[in-house]
Amino acid sequence: MSIAGRDFRELRLEDLSRSFGALNALKGVSLTVKRGEFIALLGPSGCGKSTALNCLAGLLTLTGGSIWLDKTRIDRLKPEERGFGMVFQNYALFPHMSVRRNIGFGLAMQGKSKDEIARKVEEALSIVRLGQHGDKLPGQLSGGQQQRVAIARAIVIEPPLVLMDEPLSNLDAKLRLEMRAEIRRIHDLIGSATIYVTHDQEEALSLADRIVVMRDGAVRQVGTPTELYARPAHADVAEFMGYRNVLSARVLGGSGSDVQVSVGGAALKGIAIEQRPDEQAIVAVRPDDLKPANDGPVAATVESAQYHGREFYCSGRASDGTELYFCSALPVQKGEMVRLAADPARVLIYAGAS
Amino acid sequence: MTETTAPLPHTSEERTPWRVRLALRDIDGVTLLVLPAVLFVIGLFVYPFLYGFVLSFKPRAGDWLANYRKFFSDPFLYDTIYATMRLALPATIINVLISIPVALRVRKMHRRRLLTTILVIPITLGTVLIAEGLLNYLGPQGWLNRSLMLFGVISSPLRLAHNYTGVMLSLILSGFPFTFLLTLSYITGIDASLEQAAATLGATARARFRYILLPLLAQGLAINFCLSFVQTFSVFPSAVLLGAPAGDTRVISIAAYQAAYEQYDASMAAAIAMIMGFVQLAVVLLVLAGRNLFYRGAAGGGKG
Amino acid sequence: MGRDKTISERLWAAAIWTAVIFFIVNFMAMAATVVINSFGTRWFGAWLPAGYTTRWYASAWDEFQLGDVLITTFEVVGAVVLLSGLFGVPAAYALARRNFPGKQLVILLFLLPLMIPPITFGIPLATVLYQLGAGGTLSGVIIANLVPTVPFVILVMIPFIEQIDPRIEAAARVFGAGTGRLFLHVLVPLLAPGILAALLLVLVRTIAMFELTFFTAGPDSQTLVVALYYAVYAAGVRAGQSIDAMAVIYMITTLLWLLIALRFVDPTQIVTRAKQEAAR
């Protein structure tokens with residue numbers, strides 16, 4: 001194994017901003033990435049994650065801030081001078097070049113010898129398991145294979161940093177799972193840092209060492225997948241991370257990990273994540289943490305139930321009209337009254353009113 | 001077990017009606033809508049062409065090849081091919097070559113529409129008006145000569161009209177916008193992410209042009225060259241009005257026109273038109289053959 | 001990538017823009033020469049005419065019978081626009097919706113009149129028209145002009161029709177619309193923008209179509225471009241200002257329709273749509 005990401009200690013983004021006319025697509029984004037880390041930039045479309053990636057690659061100029069690779073400032077460099085590998089959403093394979101020439105393009109641009117190029121291209125082909133397809137044109141490959149070529153082309157230049165822009169969004173569901181594992185395997189093999197843009201929280205949770213949640217051009221939260229899954233720092237992050245029940249509530253009393261709130265006409269216990277200045281609060285609960293129980297505090301009328309194999313995904317309405325999403329192991333009928341309960345550790349309480 | 005082995009009745013079930021059989025090949029009432037236009041083009045394009053072809057072998061005097069023999073033995077006639085080439089080839093090459101860097105620049109512009117609108121005007125006005133305008137503008141007392149003298153570039157007026165230069169300038173003025181807009185549409189058809197990908201892989205602007213854009217553009221440029229060449233090769237109004245129609249710019253279309261409308265020799269005129277078409281075809285085939293040396297296919301970056 | 005940093009890159013960009021501006025300035029100056037001369041009393045050996053007048057327009061109108069010429073021009077253009085729509089749109093619809101055997105051949109047939117310059121096929125066409133007795137007449141001019149415009153409408157309309165979802169028509173049929181009502185209530189409204197664009201382009205092209213009209217027109221069936229050509233050809237017989245007055249009238253007629261057309265189409269369409277078919 002000789003393909004390995006170029007050595008560096010850390011990549012620092014300091015207060016990056018970018019505006020398009022009156023629109024501020026990126027507002028003061030700061031982040032430090034260590035070698036070997038897999039970072040996911042996660043957010044809804046238009047949140048600035050792709051802008052951030054393009055600024056890193058040098059395809060967009062920054063309007064403010066700086067990018068540092070160890071002690072070198074690189075934000076004024078052209079993309080061809082940065083030496084980062086990039087995997088594009090549509091793969092951007094050169095349609096007139098064979099797979100081998102596509103992969104060897106970056107090495108040829110570096111002026112490497114023919115022998116070295118041939119050797120490294122072979123190695124990259126075997127890393128992405130495309131050994132026998134080297135002489136084909138990109139048009140002759142399937143979507144998944146094109147994806148592998150795009151990855152091979154990015155890693156063969158041994159970049160310190162690999163940038164990936166929603167690389168799986170053009171693949172079907174089955175292939176997506178398969179390539180997800182491939183991408184992580186290749187990342188671990190190469191040892192460079194990867195910055196991966198996605199809007200799919202599941203992808204981010206399963207791939208990344210750290211997730212950067214973005215919204216409206218700013219970073220909302222940086223954390224490990226478990227932190228983000230269990231303890232989103234803000235109500236909007238919680239909503240994005242799959243907390244489908246984001247409800248306005250009134251604080252009844254308590255503090256820290258033992259707070260009582262009134263929501264949907266019932267009292268619930270939960271954990272305060274954000275300090276609250278007044279009695280108004282927002283409660284976030286995952287549907288799979290809200291379950292029917294005989295002595296559950298929340299009463300609701302079932303409105304719909306979808307069978308998902310293991311459980312029924314249901315929606316219901318509380319006595320005061322609040323819409324609730326919950327899961328049930330047992331079949332429930334439309335119109336049926338259920339009582340729902342949630343583990344207080346899984347009930348997150350945020351400041352403000354929604 | 002009493003199995004009825006009676007033969008199947010011979011009904012329409014076995015023989016598919018012709019209507020259905022045709023419909024299976026996508027021929028039905030809707031398909032017939034194409035017929036009037038097809039008949040029109042066959043009657044007024046294909047037939048006249050074939051008629052002209054046959055007519056060219058029925059000269060007013062002499063054997064069936066007399067027209068062609070006359071054309072290729074009379075320097076007054078065969079020189080027109082050279083005179084036309086001398087205008088059409090350089091004009092086309094200049095237009096195509098200049099259109100590439102300009103289109104590469106313009107592609108990055110945000111307000112492309114203004115420029116393309118301005119450039120559409122010369123195309124729309126056509127060669128007759130441009131010839132008339134240039135007669136004044138390029139004349140010894142025209143603004144161009146006056147400006148050049150004002151800035152001290154020349155001391156006496158250049159002779160720009162009624163000669164080769166005048167026709168050449170008019171071919172560039174009327175031909176460049178066409179060539180440029182075609183090049184622009186080919187260049188904007190190339191997925192921008194291909195160039196970005198090349199840049200992230202370390203390719204400089206020059207290398208990106210050499211290894212990515214040019215190969216992907218080659219086939220569009222070949223077609224562009226052919227279309228532009230065919231247009232300039234059939235130059236007529238400006239060669240007459242702005243050139244020296246009896247001398248330097250006696251192009252092949254003038255010879256054809258004179259045969260038809262001054263000597264009233266329809267057979268000879270048809271022969272010259274056929275020769276004109278043949279030369280155009282030869283150049284087009286030559287260029288298209290060269291085109292195949294390059295990659296041909298989609299200029300997109302995604303799934304082929 | 002849009003940044004120009006090194007000096008050579010800046011110089012290169014400056015050189016390109018200079019070339020573009022030089023081109024546009026020369027073109028505008030050429031057009032301005034025509035306009036100014038048409039209003040000038042006497043213009044020789046100076047930057048601008050000695051004085052200004054509008055009398056050349058009156059004399060051009062009389063000398064060149066511009067009233068008649070304009071009427072002829074609009075008759076020709078109107079008929080060409082109408083007929084090329086009638087021939088072209090149904091054919092384009094059939095080509096866009098059906099995949100019959102020989103379709104490629106039919107498309108090639110429609111490409112040829114657009115690829116082959118009018119000069120080349122104009123002379124044999126005129127010969128045939130004169131034999132049929134249509135040469136030198138208004139109908140002859142209209143027929144000749146239709147040869148490139150019918151294919152043009154077809155090739156512009158095919159992609160336009162293809163991008164309309166055929167399920168819309170299927171839905172109309174399912175809900176019981178017969179062919180006639182389908183056409184009237186569903187297709188015409190859907191196709192109207194495309195037809196409008198195609199026909200406006202035909203209109204602009206036909207006003208400026210010199211060669212085919214020139215070969216087939218008689219003294220009473222000249223359009224404005226052909227009349228302008230004859231005037232310039234016989235320059236010296238008439239005052240140059242008079243010719244330029246006619247040129248200005250021609251420019252106004254053409255550019256007016258161009259402006260209208262540009263409200264509905266992208267300028268590049270005028271050149272590229274039909275030609276890109278050739279690249280297939």
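To find a chain, count down the sequence lines: A is the first, B the second, and so on, and within it residues start at 1. From a predicted model like this one, the values you see are computed outputs, not experimental measurements.
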Let's test your reading of the structure: which of [options] forms the most heavy-atom pairs below 4.5 Å with chain C?
| options | value |
| --- | --- |
| B:L55, B:I118, B:I121 | B:I121 |
| B:A256, B:A270, B:P237, B:G277 | B:P237 |
| B:G220, B:S147, B:A205 | B:S147 |
| B:V284, B:I272, B:L241 | B:L241 |
| B:G52, B:A273, B:S234 | B:S234 |

Below 4.5 Å from any heavy atom of chain C, which atoms of [X] appear? Answer side chain, backbone, both or neither.
| X | value |
| --- | --- |
| B:I98 | neither |
| B:V30 | both |
| B:F176 | side chain |
| B:L135 | side chain |
| B:L281 | neither |
| B:L144 | side chain |
| B:V102 | both |
| B:Y261 | side chain |
| B:V46 | side chain |

Could you tell me which portion of [X] (side chain, backbone, both or neither) has an atom closer than 4.5 angstrom to a non-hydrogen atom of chain B?
| X | answer |
| --- | --- |
| C:N99 | both |
| C:V232 | both |
| C:P151 | side chain |
| C:A29 | both |
| C:Y229 | both |
| C:Y233 | both |
| C:L132 | neither |
| C:L109 | both |

Could you tell me the separation between the [atom1] atom of [X] and the [atom2] atom of [Y], rounded to the nearest 0.5 Å?
| X | Y | atom1 | atom2 | result |
| --- | --- | --- | --- | --- |
| C:I24 | B:L119 | CD1 | CG | 5.5 Å |
| C:F100 | B:T31 | CZ | OG1 | 6.5 Å |
| C:L258 | B:T124 | CG | OG1 | 4.0 Å |
| B:I100 | C:I16 | CD1 | CD1 | 11.0 Å |
| B:L134 | C:F27 | CG | CZ | 9.5 Å |
| B:S253 | C:I123 | OG | CD1 | 8.0 Å |

Could you tell me how the ring of C:F121 sits relative to the ring of B:F45: parallel (under 30°), tilted (30 to 60°) or perpendicular (over 60°)? perpendicular
Donor-acceptor under 3.5 Å (B:W143 side chain, C:W47 main chain): yes
C:I119 backbone acceptor or donor facing B:Y257 side chain under 3.5 Å: no
Side chain proximity check, C:F110 to B:V34, heavy atoms < 4.5 angstrom: yes
Minimal non-hydrogen separation, B:I130 against C:M30, with atom names: O-SD, 3.9 Å
Smallest heavy-atom separation, B:L44 atom then C:L125 atom, equals O-CD1, 3.2 Å
